[in-house]
K.L.:
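One structure, pasted below without further comment.
To find a chain, count down the sequence lines: A is the first, B the second, and so on, and within it residues start at 1.
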Protein chains: 2
Amino acid sequence: MRIGELATRTGVSVRALRYYEEQRLLAPERSPSGQRHYPDGAVDRVELIQQLYAAGLSSKSILELMPCVVSGEATPELLDRLAAERDRINRRITDLVSTRGRLESVISNATESWRTGRPCRPH
Amino acid sequence: MRIGELATRTGVSVRALRYYEEQRLLAPERSPSGQRHYPDGAVDRVELIQQLYAAGLSSKSILELMPCVVSGEATPELLDRLAAERDRINRRITDLVSTRGRLESVISNATESWRTGRPCRPH
DNA sequence: CTGAAACCTGACGTTGACGTCACAGGCAGA
DNA sequence: TCTGCCTGTGACGTCAACGTCAGGTTTCAG
């Protein structure tokens with residue numbers, strides 16, 4: 001498929017797909033006239049890339065971990081990197097859970113003080 | 001306390017503290033010579049700001065939600081905003097959990113293929 | 001064959017949360 | 001008084017992941 005279809009099917013922009021290629025996260029074939037041609041598997045791959053971006057990984061990290069993720073190749077260093085990223089994600093999760101708890105208590109507190117007519121305990 | 005002490009006590013840079021003030025997230029008093037003077041509560045406040053930044057909120061969002069968080073003041077719109085941010089955090093958490101699961105399966109798969117001498121199932 | 005839509009490369013613009021630098025004034029100990 | 005660190009205000013730099021625009025080529029439906 002060509003770049004436009006891949007874009008619509010993944011929901012990412014054409015520009016982003018070209019950027020991913022620039023970062024060597026994708027390597028589509030080229031037609032004789034120079035147009036990019038992607039295999040079907042590119043859809044999953046792009047979604048994986050998006051997921052890793054969303055998890056806070058940089059292009060460089062994704063690039064390093066990509067061979068391991070797609071083909072299972074692994075060196076001890078790659079496994080360490082993977083574990084390190086997993087740990088970072090774990091930390092982010094616990095941080096977010098904590099923040100959510102704080103927001104929820106703020107919400108219930110504020111809702112209560114709203115319902116009962118504005119006496120609000122000072123934090 | 002002055003800005004340097006607040007910086008060391010919170011772990012954020014002096015520049016960041018001045019930036020927060022520029023964003024009206026802090027409003028320290030000034031000594032006659034113009035130096036900023038923070039109350040003790042500023043430490044907690046800065047840590048709250050950091051926590052909200054880490055949760056993906058922008059300066060603007062933090063500014064809007066701040067009165068509600070610190071003093072419990074709430075309008076229906078503010079409560080909606082708070083709930084919306086909580087929902088966004090929830091989505092981020094579920095996304096991160098999913099990504100963590102994926103990474104973990106990659107890790108166990110790669111570890112296995114490493115232990116057993118490199119036959120790796122094709123994803 | 002033709003015109004619109006999709007594609008190409010290259011290059012500059014954007015955004016947020018600061019880093020960094022220059023230059024000047026303020027403060028405490030010796 | 002001197003010295004050295006802290007603080008002040010600009011103002012420009014950074015970085016990543018794209019957005020956007022210009023100017024030209026390719027593809028395809030009619």
K.L.:
What nucleotide among dT7(D), dT20(C), dC18(D) has an atom nearest to a side-chain atom of Arg2(B)?
P.N.:
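Comparing dT7(D), dT20(C), dC18(D) against the side chain of Arg2(B), the answer is dT7(D).
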K.L.:
What is the distance, to the nearest angstrom, from the CZ atom on Arg18(B) to the P atom on dA17(C)?
P.N.:
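The distance from CZ of Arg18(B) to P of dA17(C) comes to 18 Å, rounded to the nearest Å.
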K.L.:
If you assign Ser33(B) and Ser58(B) each to the DNA chain C nucleotide with the nearest heavy atom, which residue ends up on the more 5' nucleotide?
P.N.:
Ser58(B)
K.L.:
Taking only the side-chain heavy atoms of Ser13(B) (C-beta and beyond), determine which of dT7(D), dT27(D), dC18(C) contains the nearest atom.
P.N.:
dC18(C)
K.L.:
Base, sugar-phosphate or nothing for Ile49(A)? Non-hydrogen atoms, less than 4.0 Å.
P.N.:
nothing
K.L.:
If you check every side-chain atom of Tyr53(B), which of dC18(C), dC18(D), dT27(D) has the closest atom?
P.N.:
dC18(C)
K.L.:
Grab the CD-P distance between Gln51(A) and dA17(D) for me, whole Å please.
P.N.:
16 Å
K.L.:
May I ask you to decide whether Glu5(B) forms a salt bridge with Arg2(B), counting only side-chain N to carboxylate O separations under 4.0 Å?
P.N.:
no
K.L.:
When the distance from NE2 of His37(A) to C1' of dT27(D) is rounded to whole Å, what number comes out?
P.N.:
10 Å
K.L.:
Give a yes or no on whether a salt bridge exists between Arg18(B) and Glu21(B), defined as a side-chain N under 4.0 angstrom from a carboxylate O.
P.N.:
no
K.L.:
Contact class for Arg36(A) (heavy atom, under 4.0 Å): base, sugar-phosphate, or nothing?
P.N.:
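Arg36(A): backbone/sugar contact only, no base atoms under 4.0 Å.
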K.L.:
Find the distance Leu57(B):CG to dC18(C):P and express it as a whole number of Å.
P.N.:
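So the CG-P distance, Leu57(B) to dC18(C), works out to 13 Å.
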K.L.:
Given dT9(D), dC8(C), dC27(C), identify the nucleotide with an atom nearest to the side chain of Arg30(A).
P.N.:
dC8(C)
K.L.:
From dA17(D), dT26(D), dC7(C), pick the nucleotide closest to the side chain of Tyr19(A)?
P.N.:
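Between dA17(D), dT26(D), dC7(C), the one nearest the side chain of Tyr19(A) would be dA17(D).
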K.L.:
Using the closest heavy atom to pick a nucleotide of DNA chain D for each, name whichever of Pro32(A) or Arg15(A) lands nearer the 5' end.
P.N.:
Arg15(A)
K.L.:
Quick check: closest heavy atoms across Ile107(A) and Leu79(B), and the distance to 0.1 Å?
P.N.:
O-CD2, 4.1 Å
K.L.:
May I have the distance from Glu22(A) (atom CD) to dT9(C) (atom C1'), rounded to whole angstrom?
P.N.:
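It is 11 Å, rounded to the nearest whole Å.
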K.L.:
Between Glu64(A) and Arg81(A), is there a salt bridge with N-O shorter than 4.0 Å?
P.N.:
yes
K.L.:
Would you confirm whether Thr116(B), through its side chain, and Glu112(B), through its main-chain N or O, come within 3.5 Å as a donor-acceptor pair?
P.N.:
yes
K.L.:
Does a side-chain N or O of Ser59(B) approach OP1 or OP2 of dA17(C) to a distance below 4.0 Å, or not?
P.N.:
yes
K.L.:
More 5' along DNA chain D: Leu17(A) or Gln35(A), using each one's nearest nucleotide?
P.N.:
Leu17(A)
K.L.:
Rounding to a whole Å, what distance do you find between Ile62(B):CD1 and dG16(C):C1'?
P.N.:
11 Å
K.L.:
Would you mind reading off the distance between Leu52(B) atom CG and dA17(C) atom P, rounded to a whole angstrom?
P.N.:
12 Å
K.L.:
Between atom CD in Glu21(A) and atom C1' in dC8(C), what is the gap in whole Å?
P.N.:
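Atom-to-atom, Glu21(A) to dC8(C), this comes out as 11 Å.
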